[in-house]
Amino acid sequence: MTLLQINCKNKTISIRDAMLSGIEVFILLFTIWNKSVGNKLLNKEVQDYINANLKADLHSLLLKKSPFPEVSMQEIVQQIKGKQVAEKKFPFLLKDGVIFPPQLNMEQSSSEKTALYKSQILKGKKFIDLTSGFGIDAYYLSQNFEDITLIEQNIELLEIVEHNWNVLEKKARFINQKLEDFLNENQENFDSIYLDPARRDQNKNKVFLLEDLSPNILEIQEKLMSISSQVIIKLSPLIDLKYLVSVVPNIFRLDIIALKNDVKEVVAFVSGEKKKGIFCNCVNLESGESDFSFTFGDEENAQSEYSEPEKFIYIPNNSILKAGTFNLVSEKFGVKKLHPNTHLYTSSEKITEFPGRIFEMEVIDSKKIKKKEQYNIISKNYPLKPEEIKKKYGLKDGGNAYLIFTQSKKGKIILKSV
Ligand SMILES: C[S@@+](CC[C@H](N)C(=O)[O-])C[C@H]1O[C@@H](n2cnc3c(N)ncnc32)[C@H](O)[C@@H]1O
């Protein structure tokens, strides 16, 4: 048990505390100071001021002097920003007494909606989140577990999470440690281990390769497998799936989670032993579309049919595009692909259950496009980007009509909605 745990839980100074090293004393004093800042923020007058300024311009507010000598304007603005972010991203935290961390910690958090989805897949007795962060994932993912442990290297952040979980009346063990050190000392097994590695380097720039993430999953994967039969890793939507499954060989399930057709997360499920095949679930939250599931083997064995554009054109949703199940979609829904590198499909009859957008379109000559006409421009496997196309043809953005610039097997084509 760490020093922090003893002090967080008991709030007493024991004989052991009297023998603390200089560094530990510093941590203890810092913790007490930090708690008191939290308490000052929760003062009724300060909270009233925060609530009265929820719609204020935060840049101008930062230039003002804080009306409270014990709380800085920066701390007040952090709380206002937190409430603004929470309204969209994790409304369950819009509760009296909840404290928000700096913006970067909130940006790194999952949303309540994706966390809730993941929570439905997991069940067991003992759950550990090795990269707690602001604890949004941990809060939801641990719903179906009895024994919950959170590890976080950032002491200020973990203090905030512990405070908030007390407000929410949710119990857990909070451990302020580097997860590598925790794993070296740990003697326990867990039913599920969750990790959401930080994707920023020391200069706060985004990183994407597994070895650049913190922690480096490749270095600890064996250790993780030795203490749990199921490790769940959240990754960036930009991760290359072929690279991922080649460097983490025991992945048995991948969930590509999109919210309103925007892919937010790739979640890898890893087991202790190599399982046959990888199950992939393309999840579409709040888009009205059902999920699309397949195995990598199904995709390898599927073949696309090809055709020039027919009456209906289909653009698969982004979770399917991310999963790369291009041939299976053609086979399963009876739609034909326009070109091996164009992930657009076509059919003469409308396939309403197709997981994506459906357009009725015709091929047009570029001469038919008039300057100043208004279109939504889509470019797929075409040398020009929508902005460049708009400029080239002098078009206006928006409206109800669509132009798709793409390539079929015969070459470049332009499709117009009818
Ligand atoms: C992306 S955030 C996690 C967000 C979290 N899933 C949520 O929903 O709020 C990653 C967190 O892992 C922590 N972290 C990164 N490397 C770590 C390590 N080696 N040991 C302990 N914590 C670590 C970072 O401090 C950061 O707070």
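Values in this document were obtained by computation on a predicted structure and should not be read as measured data. All ligand and atom numbering here is 1-based and tracks the order in the structure.
Protein heavy atom in closest approach to atom 5 (C) of ligand 1: Ser132 O, 3.3 Å. In terms of protein heavy-atom proximity, atom 24 (C) of ligand 1 is closest to Glu152 OE2, 3.5 Å.
Inclusion of Gly135 in the set of residues having an N or O under 3.5 Å from an N or O of ligand 1 is warranted. Close N/O approach between Tyr194 and ligand 1 is not found [any backbone or side-chain N/O within under 3.5 Å]. Residue Ser110 has at least one N or O atom closer than 3.5 Å to an N or O atom of ligand 1.
Residue pairs meeting the ring pair (Phe, Tyr, Trp, His ring centres under 6.0 Å) criterion with at least one member in residues 222-254, sequence neighbours excluded, do not occur.
Phe92 and Phe90 have perpendicular rings, their planes meeting at more than 60° on a 0 to 90° scale where under 30° would count as parallel.
Applying the ring-ring contact (aromatic ring centres under 6.0 Å, His included) criterion to Tyr194, with sequence neighbours excluded, gives no partner residue.
The heavy atom nearest to atom 14 (N) of ligand 1, out of those in Lys234, Gln177, Gln153, is found in Gln153. Looking at Leu150, Asp129, Thr131 and measuring to atom 3 (C) of ligand 1, the nearest heavy atom belongs to Thr131. In the candidate list Asn176, Asp196, Leu179, Leu179 is nearest to atom 20 (N) of ligand 1, counting heavy atoms.
Atoms of ligand 1 found under 4.0 Å from any heavy atom of Phe134, numbered from 1 in the order shown, are 9 (O). The distance from ligand 1 to the heavy atoms of Ser214 drops below 4.0 Å at these ligand atoms: 15 (C), 16 (N), 17 (C). Listed by atom number, the atoms of ligand 1 under 4.0 Å from Ile136 heavy atoms are 7 (C), 8 (O), 9 (O). Atoms of ligand 1 found under 4.0 Å from any heavy atom of Leu157 (numbered from 1 in listed order, with element): 27 (O). For ligand 1, the atoms closer than 4.0 angstrom to any heavy atom of Asp137 are 6 (N), 7 (C), 8 (O).
For the residue pair Lys412 / Gln407, no side-chain donor-acceptor distance below 3.5 Å is found, with atom types taken as modelled.
Around the CG atom of Asp96, the shell of radius 6.0 Å holds no more than 12 heavy atoms that belong to other residues, nucleotides or ligands. Around atom CD of Glu211, more than 12 heavy atoms belonging to other residues, nucleotides or ligands sit under 6.0 Å away. For Glu107, the CD atom counts as densely surrounded, since its 6.0 Å shell holds more than 12 non-hydrogen atoms of other residues, nucleotides or ligands.
Residue contacts with ligand 1 for Glu180 involve side-chain atoms from C-beta outward but no N, CA, C or O (heavy atoms, distance under 4.0 Å).
For the pair Lys126 and Phe190, the distance from NZ or CZ to the six-membered ring centre is under 6.0 Å and the angle to the ring normal is within 45 degrees.
Heavy atoms of Arg199 come nearer than 4.0 angstrom to ligand 1 in no pair at all. Heavy-atom separations between Ala138 and ligand 1 are all 4.0 Å or longer.
Side chain of Asp191 to backbone of Lys125: a donor-acceptor contact under 3.5 angstrom is found.
For the salt bridge (Lys or Arg N to Asp or Glu O under 4.0 Å) criterion with Lys118, the lone passing option out of Asp255, Asp196, Asp137 is Asp137.
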